[in-house]
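Here's the structure we're looking at; comments come further down.
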Amino acid sequence: MRVKTVGPIGAKIMFVGEASGEHEDNCGRPFEGFAGKTLTGLMSQANINRNEVLITNVFKTRPPGNRVSWFFLDKECTMVKPEFRDDIEQLKQDIQFHKPNIVVALGNTALYALYGEKIISKFRGYILNSTLVPGQKLIATYHPQNINWEWKNHFPMILDLKKALRNSDTPDIPVDNRILKYDVSADEFINYCEKFVEDGCDISLDVETLQPGTHVTILGLAPSPDFAVSITLIDGRMPTLSYTKEKQVWNAVGQVTKNCPMIMQNGSYDAGVLLHNNGVYVRDLKFDTLIAAHICFPEMPRDLGFIASIVLDVPPWKHLANQNKAYYNAGDCAATFEIARRLEKQLKQTDQWEQFLFEMAEIEPALMMQIQGVKINKEVASELTAECDRITQDCDEKLQVITGRKINYNSPKQLQQLLYIDMGLPPQFKKRKSVNEPRKISADKKAIKRLKRDHKDNPMFDLLLNYKQYNKLRQFVSVETDENDYVYTSYNVTGKKFDADNGTDDDWRKSFGRWSSSQSVILPYGSGNLQNIPEVARKIYTAPEGYVFLSGDLVQAEAVVVAYYIGDNTLKKLFRDRLNEPDPEKKKKYDVHKYTGSIMFRKQQDDVSKEERRIGKTLRHASNYAAGPTVIADELGCSLLEAKKLLLIYYNSCPQLGLWHSRIQAELRQTRVLTNLYGRKHRFLDRWGDPLFRSAYSYKPQSSVGDHLNIGLTQFYNKYCHEVRMIFQLHDAFYLLVKEGTEEYWARKMYEECVRTIYINDEPMTIEMDFKVGPSWGESEDFPVWIEYEEDERKSRYVRV
DNA sequence: GATTTTACGTA
DNA sequence: CGTACGTAAAATCT
């Protein structure tokens, strides 16, 4: 049965879907089946009443197998079969008859029919002018069915629908009055720069770069959302200006960044390139739209195109990037300026301005650490590399004797063949996220450990584990350095690697306020991420003659935060006593894990064995985040039954934990927004269920500790960056490179900036900081410094939880 | 040659 | 059914 367009005459919004499914075919009305239910739900979340809108499909009949490609001649679905062209004509006439203020295209097919473009992810959320009915305002979003498959598109789709509603008052398509000047002459560009300096106005800046070397090819500036100017410095691979002229341009840009408050999208990159390559220092990065987006939409993509699509009412421009880079760059500058205005408003309205400011303040220390880099000891590095090679070769040879064949142990496929087919061992499976997923066979470390447990007499499993360990270690110790033996990392304040721009982006990033570390695009030397270097490999990072590494780490930080959240009085006292204990030897007495062991095994703390302490540590850690018995069993190497017993004892000894977990769930149910100890808000967008809860349990402690350290680190940097060098940030610790003999002086300064009190329900919580000193990152010893801590009102925060 | 999968290091 | 992050090598696709 052909479906009709349904809805009231005079409706302001018209939804256009794809084609009929089974239900639609039966009743002749669009969106009556499963996808229809989803659509109704989405509409109501966007405050749209389904009865007040028009709904139709592009194709009026049901394709065999529900495949849309049936309507097209080609696989890419770009040529409609002649017999279905009437459907398109019908759609056109329907729109012209009803004259809705806005049409909403649902999915690729509708977007193609109405606008001639195929990739919904690139065009969704923008205000478009329909090509099928020129002058008709159009917005595209996902097909409801897609939301059922890809949950991460759920929230953007609701935002799109809300935008459609906002734009349904009038049929007017916003006119683009922007003046985007591109490829201006050097002199004209310099004139603009001088004018901007004279006005002292906010300026948004954006650079395009060329690899390798990260040379600036195009530079754009905008003093408002309506005007932008860009200059091309490198065309292809050739400079466009003479040396003298280009120098004049850089001088002019330098004056702008010296005198004007700057606005950027990911300023850490642009400012880093300008500083490192062009000697241009950005004095006042006033507003970074990446940071703002991270605070406002912590689970959303943060590229400029996406932010624009949810914050602005503009036509899409990102797909033009390859046609005219200079024009596109100017467009980016203008868009960044406007996004900054809108997000500033939103940050203030949602009471997150303070959080925004302290995240902004983290940019400079993060950037400086990136550009300074760390020196590698090449001798130690090559020794360790040789050792890795020796051990892996040795394992390889011994394994060859045992198994009688030579395979690549790094190959999951070959290893699975060897273990589960040739040797006939019981296949091991990877843990699934949900029971609906198919079980996946695996030959990873965990699998081998399990096999080892059941075949204690066979030495091959130890050899395999050894091989894997040293093979992995090799990648951390054999690193490429620059000509001065330095390596670098990019510390990313918003904790995110950028999503691929090919539309096939993987999981979204949660980013709980911790920094991430990744390979620097500006200085691509070293293993990239410096936050996952194994202990042994840290030996290659040695301090120069006369210097040592000094680290300050927050003691048991997450455990402290959890203890206060759940209200565990014994633990609170334990942490407090440790804080007030001047004797470093006696401090060791206050050991959470020994305490846990003593409860679990009902004995005095002094009688707790090493093994019992380990069990206590594992249990506390795992159960804070609601881990299950399988994980405990794997971690402890015990049976599932034993793990279950241990967990039961643990939960009985700590009933507050379960209550806290329930409270988090209740909090989620309200608004899905959780707030940490520093006021950082996070809206959780996952489907309702266990993975959501687990993620939420870890949010408050993890992000609170992250913010706690980063605030201290930033304060420390602002005071002392001219006197001392900051080297690493490891989530709950940071490292300095200090002159021998000044360790204690700097330890005290770190303590002053990092140790502060948060009052939780009027109770003071203080996380202690301990210090370590060593000639290399890998060889350090405790460096006890007794600092009497006075709770200082000025440094404190009050929170209710 | 480009993309996806598998594995594994840290807090 | 800890979570979060980034990278390398193998496997697979085109």
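Here is how names work: the chains are called A, B, and so on, in the same order as the sequence lines, proteins then strands, and each is numbered from 1.
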### Gap between atoms CD1 and C1', on A:I441 and B:dT5 respectively (whole Å)
15 Å
#### Entry: Consecutive-pair stems (at least three Watson-Crick or G-U pairs, under 3.5 Å) that include DNA chain C
B:1-11 with C:3-13
### Task
Select one nucleotide: of B:dA11, B:dA7, C:dA4, the one nearest the side-chain heavy atoms of A:F512.
C:dA4
### Task
Would you mind classifying the nucleic acid contact of A:P629 as base, sugar-phosphate or nothing, using non-hydrogen atoms under 4.0 angstrom?
sugar-phosphate
### Task
Given salt bridge (charged side-chain N to carboxylate O under 4.0 Å, His left out), test A:K375 with A:D485 step by step and report yes or no.
CA-CA 6 Å; A:K375 195 166 183 178; A:D485 296 349; 5.3 Å; no
### Query
Can A:R578 and A:D770 be said to form a salt bridge (charged side-chain N to carboxylate O under 4.0 Å, His left out), step by step?
CA-CA 11 Å; A:R578 189 190 193 277; A:D770 272 1; 2.9 Å; yes
## Note on the structure
note: A:H621, atom NE2; C:dT3, atom P; distance rounded to Å ~ 12 Å
### Message
Is A:K445 close enough to B:dT6 that one of its side-chain N or O atoms is under 4.0 Å from OP1 or OP2 there?
### Response
no
### Task
Report, as a single string ordered 5' to 3', how protein heavy atoms within less than 4.0 Å touch nucleotides 9-14 of chain C: B base, S sugar-phosphate only, - not at all.
-SSS--
#### Entry: Rounded distance (Å) that lies between atom P of C:dT3 and atom NZ of A:K700
19 Å
### Query
Do other residues, nucleotides or ligands put more than 12 heavy atoms under 6.0 Å from the CD atom of A:Q211?
yes
### Summary
From the list A:Y751, A:F734, A:Y735, ring pair (Phe, Tyr, Trp, His ring centres under 6.0 Å) partner of A:F716 resolves to A:F734
### Query
Which of parallel (below 30°), tilted (30 to 60°) and perpendicular (above 60°) describes A:W151 and A:H154?
parallel
### Message
Applying salt bridge (charged side-chain N to carboxylate O under 4.0 Å, His left out) to A:E558 and A:R514, what does each step give before you reach the verdict?
### Response
CA-CA 13 Å; A:E558 285 193 27; A:R514 307 211 295 197; 3.7 Å; yes
### A:K539, NZ atom: more than 12 neighbouring heavy atoms under 6.0 Å
no
### Query
Within a reach of under 6.0 Å around NZ of A:K645, are more than 12 heavy atoms found that belong to other residues, nucleotides or ligands?
no
### Message
Under 4.0 Å, heavy atoms only, any strand: does A:E558 hit a base, just the sugar-phosphate, or nothing?
### Response
nothing
### Message
Please classify the nucleic acid contact of A:R538 as base, sugar-phosphate, or nothing, using heavy-atom distances under 4.0 Å.
### Response
sugar-phosphate
### Task
Give me the one residue out of A:N471, A:N410, A:N466 that meets side chain to side chain contact (heavy atoms under 4.5 Å, CB included) with A:T392.
A:N471
### Query
Does A:S516 make a side-chain N or O approach to OP1 or OP2 of C:dG6 shorter than 4.0 Å?
yes
### Query
Do the side chain of A:S695 and the main chain of A:P691 share a donor and acceptor less than 3.5 angstrom apart?
no
### Task
Would you classify A:S623 as touching base, sugar-phosphate or nothing, given that sugar-phosphate means primed atoms plus P, OP1 and OP2, and contacts are heavy atoms under 4.0 Å?
nothing
### Query
Nearest to the side chain of A:D732, which nucleotide is it out of B:dA11, C:dG6, C:dT3?
B:dA11
### Task
Could you check how far CG of A:N676 sits from C1' of C:dT3, rounded to whole Å?
16 Å
### Task
Could you please name the option among B:dA7, C:dC1, C:dT7 that lies closest to any side-chain atom of A:T630?
C:dC1
#### Entry: Per A:R514 side chain, nearest of listed nucleotides C:dA4, B:dG9, C:dC1
C:dA4
### Message
How many whole angstroms separate atom CZ of A:F476 from atom P of B:dT10?
### Response
7 Å
### Any A:K472 side-chain N or O less than 4.0 Å from OP1/OP2 of B:dA7
no
### Task
Indicate whether OP1 or OP2 belonging to C:dA4 is found under 4.0 Å from a side-chain N or O atom of A:S695.
yes
### Query
Just checking A:A537: base, sugar-phosphate only, or nothing, at a heavy-atom cut-off of under 4.0 Å?
nothing
### Message
Can you confirm whether or not the ring centre of A:W660 sits under 6.0 Å from the ring centre of A:Y565?
### Response
yes
### Query
Which one, B:dA11, B:dG9, C:dT3, comes nearest to the side chain of A:L730?
B:dA11
### Message
How many whole angstroms separate atom NZ of A:K446 from atom P of C:dC1?
### Response
12 Å
### Query
Could you give the CG-to-C1' distance, from A:L465 to B:dC8, as a whole number of Å?
13 Å
### Task
May I ask you to say what A:D690 touches in the nucleic acid, namely base, sugar-phosphate or nothing, with a heavy-atom cut-off under 4.0 Å?
base
### Task
Might you work through the salt bridge (charged side-chain N to carboxylate O under 4.0 Å, His left out) test for A:K468 and A:D444, ending with a clear yes or no?
CA-CA 9 Å; A:K468 277 179 177 279; A:D444 64 5; over 6 Å; no
### Query
In whole angstroms, how far is the P atom of B:dA7 from the CG atom of A:L415?
9 Å
### Message
I'd like to know if A:N532 reaches the base of B:dG9 with its side chain, counting only an N/O donor and acceptor under 3.5 Å.
### Response
yes
### Query
Is atom NZ of A:K413 surrounded by more than 12 heavy atoms (other residues, nucleotides or ligands) closer than 6.0 Å?
no
### Sorted by number, the residues of residues 369-376 of chain A with heavy-atom contact under 4.0 Å to DNA chain B
none
